[in-house]
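Notes to accompany the following structure.
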Amino acid sequence: MSRNRTRVAALGAALLIATAAAGTAVAADDAAGRHQRPQREAASLTGTGKLYRSAGDDIHFTFDAHLDAKDLMAPDKAHGTFRFSHYLHGKGASAEGRIDCLVTGGKVAVATGVITKSDLDGAVGKRVGFTVDDRGRHGDRLGYSWAATGSPRDTDNLPKCVSSAPFEKVESGDFTVVPWEPRL
């Protein structure tokens with residue numbers, strides 16, 4: 001008998017610990033007794049990808065962009081970072097910066113940010129835009145605001161959350177888009 005009680009007590013303790021550990025992800029009731037779901041961020045774009053180029057260009061993009069739940073109706077309060085690089089035969093450039101806008105719809109994200117560091121002359125301080133179509137692990141696509149101008153330094157007066165269609169194929173890596181669901 002005492003052996004069974006010990007097993008039951010140990011099982012009960014394990015269940016309590018597991019429940020407590022998972023408690024932050026479980027729905028709760030508010031002060032008025034209404035059932036509430038855990039709050040998620042309003043939108044995000046994360047991941048890293050290498051673009052496909054038949055000539056062998058080495059092009060990488062990385063995003064860590066987020067719109068907090070409290071800023072649901074203000075996509076220009078997005079925050080985070082981006083990085084990109086483009087090299088061919090040892091020549092090219094890279095840049096990194098801070099995100100200043102993020103809008104997503106379904107699995108498509110449009111983000112902009114300001115370049116804060118780059119080895120491309122004239123790029124620091126320029127706003128650039130990105131568009132990602134999250135099609136799953138082996139089908140994502142990407143576009144960028146300088147597609148028509150040829151260089152990120154040629155994006156004068158680019159407004160927030162503006163970019164091109166996601167025309168480039170992502171060869172490896174994966175991007176993840178959390179859809180924005182504004183109150184309309």
Side-chain angles (χ1 to χ4, degrees), residues 39-53 55 57-135 140-184:
Q39 196 172 38
R40 70 165 179 88
E41 61 190 341
S44 68
L45 166 61
T46 57
T48 298
K50 178 182 188 303
L51 300 187
Y52 169 78
R53 286 289 176 87
D57 300 48
D58 188 18
I59 307 170
H60 291 266
F61 285 83
T62 298
F63 303 104
D64 186 25
H66 303 272
L67 180 62
D68 297 332
K70 68 181 178 57
D71 297 321
L72 175 68
M73 300 305 290
D76 63 341
K77 291 196 177 180
H79 56 88
T81 59
F82 66 86
R83 287 192 317 264
F84 61 88
S85 61
H86 184 166
Y87 293 95
L88 179 62
H89 308 301
K91 294 181 181 177
S94 65
E96 60 186 61
R98 61 175 174 72
I99 295 293
D100 65 6
C101 193
L102 174 66
V103 174
T104 65
K107 292 295 193 172
V108 176
V110 176
T112 53
V114 176
I115 297 174
T116 58
K117 182 178 177 183
S118 179
D119 51 5
L120 177 64
D121 288 337
V124 173
K126 297 291 185 168
R127 176 173 290 118
V128 290
F130 313 96
T131 306
V132 171
D133 184 359
D134 176 7
R135 296 182 177 188
D140 291 350
R141 297 184 69 90
L142 187 138
Y144 37 86
S145 59
W146 61 95
T149 64
S151 174
R153 64 181 163 218
D154 298 331
T155 57
D156 289 336
N157 303 314
L158 183 74
K160 289 183 177 182
C161 277
V162 172
S163 187
S164 73
F167 63 96
E168 297 263 20
K169 294 178 184 177
V170 176
E171 178 178 80
S172 62
D174 190 32
F175 296 111
T176 302
V177 173
V178 171
W180 184 44
E181 298 173 354
R183 294 181 300 270
L184 300 176

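All residue numbers refer to positions in the sequence shown, counting from 1. Being a predicted model, the structure only gives us computed values, none of them experimental.
- Salt bridge present: R40 and E181 bring a charged side-chain N and a carboxylate O closer than 4.0 Å.
- Across all their heavy atoms, A109 and T104 have their closest contact at CB-CG2, 3.5 Å.
- In this structure, L120 and R153 have side chains that are in contact, with non-hydrogen atoms separated by less than 4.5 Å.
- Taking the six-membered ring where the residue is Trp, F63 and F175 present tilted rings, their angle falling between 30° and 60°.
- Using a 4.5 Å heavy-atom threshold, the side chains of L142 and F61 count as touching.
- Between the side chain of S164 and the main chain of Y144, a donor-acceptor pair closer than 3.5 Å is present.
- Smallest separation of non-hydrogen atoms from A111 and L45: CB-CD2, 4.4 Å.
- Side-chain contact check for H79 and D71: no donor-acceptor pair (N or O, by modelled atom type) lies under 3.5 Å.
- Using cut-offs of 30° and 60° for the angle between ring planes, the F130 and F82 rings count as tilted.
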query: Which is it for D57 and H86 under the side-chain hydrogen bond (donor to acceptor under 3.5 Å, both in side chains) test, yes or no, and what are the steps along the way?
result: CA-CA 7 Å; D57 300 48; H86 184 166; 2.7 Å; yes
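- Side-chain contact check for P152 versus K126: every heavy-atom pair is 4.5 Å or farther apart.
- Taken from OG1 in T149 to CG in D154, the straight-line distance is 4.5 Å, to the nearest 0.5 Å.
- Shown here is K77, whose NZ atom has no more than 12 heavy atoms of other residues, nucleotides or ligands within 6.0 Å.
- With hydrogens and angles ignored, the 3.5 Å screen pairs no side-chain donor or acceptor of S145 with any backbone N or O of S163.
- In this structure the side chain of K169 never reaches within 4.5 angstrom of the side chain of R53, judged on heavy atoms.
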Tell me which donor-acceptor pairs under 3.5 Å the side chains of residues 87-103 have, and how far apart each pair is, sequence neighbours excluded?
residue : atom : partner : partner atom : Å
D100    : OD1  : T112    : OG1          : 2.6
D100    : OD2  : R127    : NE           : 2.7
D100    : OD2  : R127    : NH2          : 2.9

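- Contact annotation: the side chain of I115 approaches that of V128 to within less than 4.5 Å [non-hydrogen atoms, C-beta and beyond].
- Contact detail for E168 and Y52: the closest heavy-atom pair is OE1-O, 4.1 Å.
- Between the side chain of D140 and the main chain of R135, a donor-acceptor pair closer than 3.5 Å is present.
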task: Evaluate side-chain contact (heavy atoms from CB on, under 4.5 Å) for L72 paired with R183, printing each intermediate quantity in order.
output: CA-CA 8 Å; L72 175 68; R183 294 181 300 270; 3.0 Å; yes
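- Considering all non-hydrogen atoms of both residues, G106 and P179 come closest at O-CB, 3.3 Å.
- The heavy-atom pair separating A43 from W180 by the smallest distance is CB-CB, 3.9 Å.
- For the atom pair NE2 of H60 and CZ of F84, the computed distance is 13.5 Å after rounding to the nearest 0.5 Å.
- For the pair R141 (side chain) and F167 (backbone), a donor-acceptor distance under 3.5 Å is present.
- Interatomic distance, OG1 of T81 versus NZ of K117, reported as 12.5 Å (0.5 Å rounding).
- Checked for salt-bridge contact, D134 and K107 meet the test: a charged N lies under 4.0 Å from a carboxylate O.
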task: Go through H66 and D64 one step at a time and tell me if the side-chain hydrogen bond (donor to acceptor under 3.5 Å, both in side chains) criterion holds.
output: CA-CA 7 Å; H66 303 272; D64 186 25; 2.6 Å; yes
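- With a 4.5 Å cut-off on side-chain heavy atoms, V177 and S44 do not count as touching.
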